[in-house]
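For reference, the structure is listed below as structure tokens.
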Amino acid sequence: MINGKAATLCWSETKPLPIDALTEAAMRLPEPFAVIDDHDRIVFANLAFRAAYCVNEGARMTDIETHRVSAETEFRMSGLSFGRRLVTREIKAGEDLRERVDALTGLPNRLVLREALERMLADPQACNESALLLLDLDRFKFVNDTLGHPIGDKLLCRVVDRIRKVLRDGDLLVRLGGDEFAILHASQKQPESARAIAQRIVDLVGRSYLIDDHLVTIGTSIGIATTLFGGSDADRLIKSADLALYGAKEAGRGQFRFFEQEMDDRAQARRTLEQDMRRALALRQFSLHYQPQADIADKTILGFEALLRWKHPTLGMISPAAFIPVAEETGLIVQIGEWVLRAACHEAARWPEDITIAVNLSPVQIAHHGLIDVVTSALANAGISPGRLELEITETVLLQDTNSTLDTLHRLRALGVRIAMDDFGTGYSSLSYLRAFPFDKVKIDQSFIREMSTDKEAAAIVRAVIGLGISLGISMTAEGVETEEQLQGLRNEGCTELQGFLISRPIPSADVAEFLSRN
Amino acid sequence: MQRIVYASRNLMEGSEEEKLQGVQQILAAARRNNTAAGVTGALIFNSGGFAQVLEGSSHELAEIFERIQCDSRHTDVLVLDHCSISERIFPDWSMGFIGTNTGDELMFGAITQDSGFDVSRLAADEILAAMQRLVLEEENL
């Protein structure tokens, strides 16, 4: 039996070791952990190891330095190993552990995983019995951002403890960095065994934690690859597990997925889409359409929202819903977004001076450091006054690194630009967002407008949001207004502006002048 | 001091009698470990699930809560309440089995209506109230 009591006892009996932070972390690992040299001599043993060793071997603590490990010695050393023999091969006496061990959790790192994978792939039987699991914690960044890194670090250690409870002696648990972990799991029953431990880890890691009086709940997503389907070299296996992890996250997080060939095909399609988007930027295949925004009282045109269109040379029109997520993931949205801003401002320069232009900003653009300069120069180059530019952001923007986001929004506003909250009602719709930043406008999502006449709840939400806007002094725009009946209802509630087919569909830039003269 | 209230779904297999034994083991272990750490509370259960209140100083409570969270005999652990307290409601340990007879129904009200112990439908104050009735009952014996 290994327990805290035995460890403490051993500690008091042994002479203090020279200790740096890593040795200390290794020393306090809950798992027995030892480093053994080529002659099977123990050159380092942590408290848990010493405790286990004393019990199993009947040795006294002071004997440890000289005691040889015999082949029959049975104790667990999962700290850095697949088992005793592998430790012997992996770690040479005097080797710097810091290159192989994560100092916070005491877990082995990426380097050790790669070596273990290579070793496994060289052994056909081990190959058949192994599964690679990649884990990623859901919402960990949020915990770090809101409760601070010390709590985040403690949480990581708790997570590791819980994962360890599910693993067996032959399993290798590795911290890849941040909130990413990998498990090389061996069993004669694959893939059932990998499925079972993934299921248990998702359950266990997803249960709440009590850390420094904070109740914290996170989750984990897991991607699993086996050599049978996932590839026969280390890189491919890791990539396959990673694709499966991506699939698990996309399916809503808090679950596990096995790698399937289809995931690879989809990834390939995304890469093609990314390349096509780069070409589209260079070859000017993107264009902007403009949807009018009108005063709800008399339908006077107040401005236009710029909407991105992409005509692919072979696939035809591609919906923004299909390519924007990929552009955001690859970071390409920064360049595309810059083009949209410049083109929209340029277009607005040709319109009457009281007509505004609204442009959507992606969370990725907000997080990008160059945004303020891009907006400043787009306004200057087009020669339009900042007050005519309205930047629309969605609630998700406020979910990321809130302080720096708010700072960016305030700096944009200091330029004289107006900031609107887009698609309100579809996300968390937290009222705290409306308090966190003085928005100039809130746009109520079209799904509520559409259902307003048939769904009592939708109507109640619209009424409440408009009421909120009135009391906060924010102008309210209804999106997707299609009928006079909807307009009447919105007008009665006190909504100020509208956008939708009732006024006009989005129109190409060539038609804007004519549209304005007609209205 | 802090209080935490949670409910969870029972994963123990076997007959009603075996489950009862299992829970008695849990309670015996809880009494032993928790009392040493100065953590007190109450546990109610039926064949479908558990609900537990734990009260104690924050470090000890966190340790015990973590051990409970890692217990494979239950799942779907839902924390119903977590707050700072100045006084304990449960200075000792109590437990109760919620059966389906009328007496239980009177004592536990809404909780007995579903033999499945529907975690999502329980509220912390409901459980606290049921537990307090349980403690009173024990005192009257």
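Keep in mind that this is a model prediction, so the values were computed, not measured. Every chain is numbered from 1 and lettered A, B, ... according to where its sequence line falls, protein lines coming before strand lines.
Heavy atoms closer than 4.5 Å to chain A are found in the side chain of Gln2(B), but not in its backbone.
The shortest side-chain heavy-atom distance between Ile218(A) and Phe142(A) does not fall under the 4.5 Å cut-off. Residues Val5(B) and Arg3(B) have side chains in contact (heavy-atom distance under 4.5 Å, counting atoms from C-beta outward).
For a heavy-atom cut-off of 4.5 Å, chain B lies close to Arg200(A), Asp203(A), Leu204(A) in residues 197-204 of chain A.
Using a 3.5 Å distance cut-off with no hydrogens or angles, the side chains of Ser130(A) and His185(A) do not pair a donor with an acceptor. At a cut-off of 3.5 Å, with distance as the only test, no side-chain donor of Gln190(A) or Ser187(A) sits close to an acceptor on the other residue.
The cationic atom of Arg162(A) (NZ for Lys, CZ for Arg) lies less than 6.0 Å from the six-membered ring centre of Tyr209(A) and within 45° of the ring axis.
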Walk me through it: do Asp138(A) and Ser221(A) pass the test side-chain hydrogen bond (donor to acceptor under 3.5 Å, both in side chains)? CA-CA 7 Å; Asp138(A) 308 325; Ser221(A) 304; 2.9 Å; yes
